[in-house]
Amino acid sequence: MSAHTADWFLLHDRFYRKQEIYTMLWKQVDLSKYMIAGAPFGGPLALVRDDRKVHLLQKQQPIKPNIFLYTSSGKLMEPIQWDKGRIIGMGWTENEQLLCVLEDGIVRMYNILGEYTQFSLGKEAKDNRVIEVQIWGTGLVALTGSFQLIAVTDFDEPQIQQLANPGINGPPHSWTVVPPKFTLSRHVEVLLAVNSTILVVDKDGAKDQLLQQGPFSKMSVSPDGRFLALFTADGKVWVVSTDFEKNLSEFPTQSHLPPNQLVWCGTDSVVLYWDKIVLMVGPYTGWIKYTYEDAVFLIPEIDGIRIISSEKCEFLQKVPDVTESIFKIGSTVPAAMLYDALESFEKKIPKADENIRSIRLELSDAVEACIEAAGHEISHQYQRTLLKAASFGKSFLEIYNADSFVEMCKVLRVLNAVRYYEIGIPLTYAQYQRLTPEALIDRLISRHQYLLAIRICEYLKMRTERILIHWACSKIKRSNDDEDTICRMVVEKLANKPGLSYSEIAKTAHNAGQSKLATMLLDYEPRAGDQVPLLMSMQEDELALVKAIESGDTDLVYHVLLFLKGKLPQDEFFRVINKKPLACNLLELYGKQQDPKILSEFYFQDDRLVDIANLALMQSFQLKDNVERINKVKDALRLYQEDKEHTFEAKAVEESIKLLQTQMQLEKEYAQPFTGLSISSTVYKLIVINHSNRASKVRSDFKMPDKRFWWIKLRALVEIRDWESVATLAKSKKSPIGYEPFVEECVKAMQFKEAAKYILRCDAHLRAGLFLKIEAYQEAGEQAFLQKDLDTLREIRDKCPNSVIQGQIDGYITQLASTR
């Protein structure tokens with residue numbers, strides 16, 4: 001165990017260790033000559049020649065600087081030819097995009113392959129220039145030459161935000177930012193070291209913290225946003241809370257020269273770097289000093305610091321508690337006893353059994369501790385040994401859930417794969433847990449490490465579709481093969497992934513100018529909702545409509561139709577949809593509800609005269625002006641008359657025109673609305689308003705049958721309670737509708753006396769029932785007796801409330817019963 005603790009250093013009561021991860025693959029890189037940005041979570045390094053330092057022009061050295069992207073192992077990933085202005089600062093986003101902020105306020109975001117997008121920080125930055133910048137995972141704050149602060153808090157949707165005027169006339173001694181996720185207001189806060197104090201600036205204002213310990217030449221916020229480390233002019237490291245309420249520690253470094261870097265090692269200690277010297281300061285004024293022969297660069301991580309030098313990459317961290325408890329000299333915790341028992345067992349020493357017995361009750365916890373400690377180890381040897389100790393311990397447990405053991409084996413296999421120097425991502429277990437496997441896969445994809453990404457996904461039982469899609473897109477962008485060959489290669493590779501979307505791949509092909517390839521790939525797209533919009537953007541209009549129709553999704557067909565309607569000339573639009581029944585039907589439905597004009601033109605180009613006539617007729621009903629309505633109906637009449645098979649429709653429309661004209665005349669004469677009424681309703685209304693003669697004329701003009709006219713007139717007269725006219729109507733001639741309707745209408749109007757006048761004129765077999773309706777029980781009984789209808793007599797007797805009449809009806813019933 002002593003060999004494992006050989007590189008441990010005690011800082012007060014805590015152990016720290018510095019482990020070598022890689023011997024750098026690069027050659028003769030002097031870090032002191034470069035501006036450097038290191039991505040967190042074992043991410044890449046970006047190096048560009050620092051124009052603030054004097055350089056000897058080497059042989060074959062380009063005049064224009066390059067930005068070099070390296071892995072943590074020093075392997076060159078991509079050189080980026082720089083073609084812009086002076087770089088003020090560089091940093092990395094949380095998605096591993098390199099951010100370059102230029103003096104004129106232009107911000108470029110590069111992916112690892114050197115492809116970029118850019119945005120501007122606005123007029124203030126352009127006019128007054130950017131002099132400094134602070135960058136964090138999702139945003140940045142720039143300090144301009146007029147000492148104003150400009151913030152961007154979301155790189156996905158860059159919105160320029162001017163912070164409050166800090167009111168300073170010169171550059172601050174130093175400054176830093178507290179990202180929004182760590183502030184109470186959830187807005188970015190900028191800490192400016194001015195004179196002997198610090199100003200806290202946000203969008204609402206600037207607040208002086210009224211400090212006296214300054215000026216502060218360096219400052220740094222801890223990874224969790226809780227603490228602030230400051231380097232004072234008299235060489236002290238001062239640590240306070242970011243709300244300046246707590247003074248945590250103070251350490252004199254004996255150096256009045258400010259450090260090149262001041263960063264946090266996790267949240268436990270602060271690390272300062274001067275030329276060739278790295279000094280770690282702990283929370284209780286303990287310190288550790290490391291010396292180097294060449295310049296180094298410090299990259300803070302959530303659980304430590306990566307130290308990059310020209311020769312190696314090292315990781316400085318606090319020794320994890322579980323690791324310390326196992327390997328600390330003299331430790332007697334159960335996990336240490338289990339590890340010791342394994343060593344004794346392998347050496348065949350009886351002490352192994354004694355150790356296991358002594359921790360029998362805590363053996364399960366000891367196994368878990370060894371599993372966790374294995375995750376924190378970079379050395380394969382100690383990973384295996386700790387897992388072996390855990391396996392040895394669990395063999396003595398009767399009941400043990402091995403899921404955590406299996407999971408850690410998987411995690412370590414993944415971590416060891418990405419730590420391999422050719423990949424160069426030195427993730428720790430703590431970083432892997434924070435980053436998540438999905439984000440790690442994204443980083444491998446961006447590096448084009450497709451095979452490793454797929455193997456990790458398969459090993460962890462994750463989906464591989466996005467890897468294959470990214471591979472296909474990259475293949476299209478970089479391949480020099482013909483389109484047919486590329487299509488065949490892509491389809492063969494993705495053939496065993498049913499349901500995989502080809503739309504993104506096809507879009508990449510289209511953007512790359514390979515439209516034929518894009519169309520070929522879209523034939524394999526299983527989702528029409530993704531396929532059709534892309535075909536539309538590729539100008540494949542007719543194919544897009546065909547695919548939409550094949551999908552059976554009417555909303556999608558409508559989407560294409562409306563797009564084509566707005567884009568194409570009308571003749572071309574109709575040509576595209578002809579011979580496509582579903583598209584034609586949907587266009588007709590749309591036209592009827594939304595755009596009758598286009599529907600009329602569609603019918604016209606297809607010589608569908610009857611449909612045009614039907615449409616004109618429908619449109620006429622929506623017109624309020626009678627003259628316009630008649631003209632519209634005449635248009636329909638003319639079209640019907642051109643087709644011999646629609647003589648009935650022509651005759652009906654002709655009658656309709658005649659009726660409209662009559663109604664217009666009636667409206668002029670009587671100042672009553674008639675338009676829109678049927679012939680029957682028109683006649684009815686005329687009678688109701690006491691113009692029976694005019695109603696009779698309309699009846700004769702339109703050859704209304706007697707039966708219908710009598711029915712209408714009867715109802716109208718009853719409606720206005722004109723009983724005299726009803727009687728006159730009944731006497732005028734023999735009723736074509738009989739006299740029962742007279743009775744029924746009077747009964748509905750609750751006029752039983754009027755109804756009684758017409759019952760005796762009805763058929764004999766109906767009279768008893770009609771008398772019963774008007775509650776004339778005696779007359780009803782007499783009529784039922786005359787008709788010898790026993791059933792009706794019994795019904796009348798049951799309903800009659802008068803006992804005298806009941807007796808009379810009983811006599812009728814007896815007489816009829818005796819004759820049978």
Side-chain angles (χ1 to χ4, degrees), residues 19-27 29 36-47 67-80 92-98 110-115 297 299 301-309 311-315 317 374-384 408-460 462 464 466-468 470-471 474-475 478:
Q19 300 170 281
E20 181 178 334
I21 305 174
Y22 301 116
T23 298
M24 301 302 280
L25 298 175
W26 61 31
K27 302 297 181 183
V29 175
I36 306 173
F41 297 101
L45 310 169
L47 284 73
I67 300 175
F68 297 99
L69 302 184
Y70 291 96
T71 66
S72 292
S73 61
K75 180 181 178 182
L76 181 63
M77 300 172 69
E78 194 75 29
I80 300 172
W92 292 87
T93 71
E94 60 182 14
N95 297 324
E96 271 197 347
Q97 287 185 301
L98 176 64
Y110 287 90
N111 64 19
I112 288 179
L113 301 177
E115 301 164 340
F297 185 76
I299 304 173
E301 299 281 6
I302 60 169
D303 58 342
I305 289 177
R306 263 185 297 154
I307 303 177
I308 307 295
S309 67
E311 295 181 353
K312 49 189 160 180
C313 171
E314 299 169 303
F315 189 64
Q317 68 171 154
H376 293 295
E377 291 300 322
I378 294 176
S379 165
H380 294 188
Q381 174 191 344
Y382 284 105
Q383 291 173 5
R384 283 193 296 268
M408 184 57 76
C409 290
K410 288 182 178 180
V411 169
L412 286 174
R413 190 169 181 185
V414 171
L415 290 176
N416 290 335
V418 299
R419 286 171 185 163
Y420 183 61
Y421 77 96
E422 286 287 347
I423 307 299
I425 305 178
L427 268 183
T428 63
Y429 178 57
Q431 293 168 23
Y432 176 77
Q433 287 181 306
R434 178 76 67 85
L435 186 63
T436 72
E438 290 77 13
L440 177 58
I441 294 300
D442 287 338
R443 298 191 173 202
L444 290 173
I445 291 172
S446 68
R447 289 164 167 77
H448 286 193
Q449 297 289 345
Y450 300 116
L451 180 59
L452 178 59
I454 287 174
R455 286 181 175 172
I456 289 176
C457 282
E458 291 173 346
Y459 186 61
L460 298 179
M462 296 167 60
T464 60
R466 60 195 175 109
I467 306 172
L468 295 170
H470 197 283
W471 167 82
S474 176
K475 189 74 176 175
R478 295 172 176 263

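Not measured: the values here are computed from a predicted model. Counting begins at 1 with the first residue of the sequence.
Taking each heavy atom of Ile67 and Ala46 in turn, the nearest pair found is CG2-CB, 4.4 Å. Here the closest heavy-atom approach between residue Cys313 and residue Ile308 is recorded as SG-CD1, 3.6 Å. Of all heavy-atom pairs spanning Gly375 and Leu412, the tightest one is CA-CD2, 3.8 Å. Contact between Gly42 and Ser72 at its shortest, heavy atoms only, is O-OG, 3.6 Å. In plain terms, the two heavy atoms of Ile21 and Pro426 that are nearest each other are CG2-CB, 3.8 Å. For Ala430 against Asp303, the heavy-atom pair with the smallest separation is CB-OD2, 3.6 Å.
Here the side chains of Ile378 and Leu415 are not in contact, with every heavy-atom distance at 4.5 Å or above. Taking 4.5 Å as the limit, some side-chain heavy atom of Leu440 sits within range of a side-chain heavy atom of Val414.
Evaluation of the side-chain contact (heavy atoms from CB on, under 4.5 Å) rule for Ala439 yields Leu435, Thr436 as partners, not counting sequence neighbours. Listed by chain and residue number, Leu387, Phe405 satisfy the side-chain contact (heavy atoms from CB on, under 4.5 Å) test with Cys409 (two or more places apart in sequence, or in another chain). For Lys312, the side-chain contact (heavy atoms from CB on, under 4.5 Å) criterion is met by Glu20, Ser309, Glu314, not counting sequence neighbours. Shown here are the side chain to side chain donor-acceptor pair (under 3.5 Å) partners of Ser446, two or more places apart in sequence or in another chain: there are none. Under the ring pair (Phe, Tyr, Trp, His ring centres under 6.0 Å) criterion, Tyr22 pairs with no residue at all, not counting sequence neighbours. Not counting sequence neighbours, the partners of Ile302 by the side-chain contact (heavy atoms from CB on, under 4.5 Å) test are Phe41, Gln431, Arg434. For the side chain to side chain donor-acceptor pair (under 3.5 Å) test, residues two or more places apart in sequence or in another chain that qualify with Glu377 are His4, Arg17. With sequence neighbours left out, the side chain to side chain donor-acceptor pair (under 3.5 Å) criterion links Asn111 to Glu115.
Contacts classified as salt bridge (Lys or Arg N to Asp or Glu O under 4.0 Å) and involving residues 411-431 (residues at least two apart or in different chains) are given here: Lys75-Glu422. Residue pairs meeting the salt bridge (Lys or Arg N to Asp or Glu O under 4.0 Å) criterion with at least one partner in residues 436-453, sequence neighbours excluded, are Glu96-Arg443, Glu96-Arg447, Asp442-Arg466. Pairs passing the ring-ring contact (aromatic ring centres under 6.0 Å, His included) check and including a residue from residues 428-448, sequence neighbours excluded, read His376-Tyr429, His448-Tyr450, His448-His470.
Atom CH2 of Trp471 sits about 12.5 Å away from atom OG1 of Thr464, to the nearest 0.5 Å. For the atom pair CD1 of Ile307 and CZ of Phe297, the computed distance is 12.0 Å after rounding to the nearest 0.5 Å. Between atom CE of residue Met24 and atom OG1 of residue Thr71 there is a gap of 7.0 Å, rounded to the nearest 0.5 Å. The distance from atom OG1 of Thr23 to atom OH of Tyr421, rounded to the nearest 0.5 Å, is 11.0 Å. Atom CG of Asn416 and atom NE2 of His380 lie 3.5 Å apart (nearest 0.5 Å). Remark: Arg306 CZ to Leu45 CG distance equals 6.0 Å, nearest 0.5 Å.
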Working for side chain to side chain contact (heavy atoms under 4.5 Å, CB included), residues Leu444 and Ile425: CA-CA 9 Å; Leu444 290 173; Ile425 305 178; 4.0 Å; yes
CA sep, side-chain torsions, deciding dist, call: Ile467, Cys457, side chain to side chain contact (heavy atoms under 4.5 Å, CB included): CA-CA 9 Å; Ile467 306 172; Cys457 282; 3.4 Å; yes
Test side chain to side chain contact (heavy atoms under 4.5 Å, CB included) applied to Trp26 and Leu76, step by step: CA-CA 8 Å; Trp26 61 31; Leu76 181 63; over 6 Å; no
Phe315/Ile305 under side chain to side chain contact (heavy atoms under 4.5 Å, CB included): CA gap, chis, key distance, verdict: CA-CA 6 Å; Phe315 189 64; Ile305 289 177; 5.9 Å; no
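For CD of Glu311, the number of neighbouring non-hydrogen atoms (other residues, nucleotides, ligands) closer than 6.0 Å is 12 at most.
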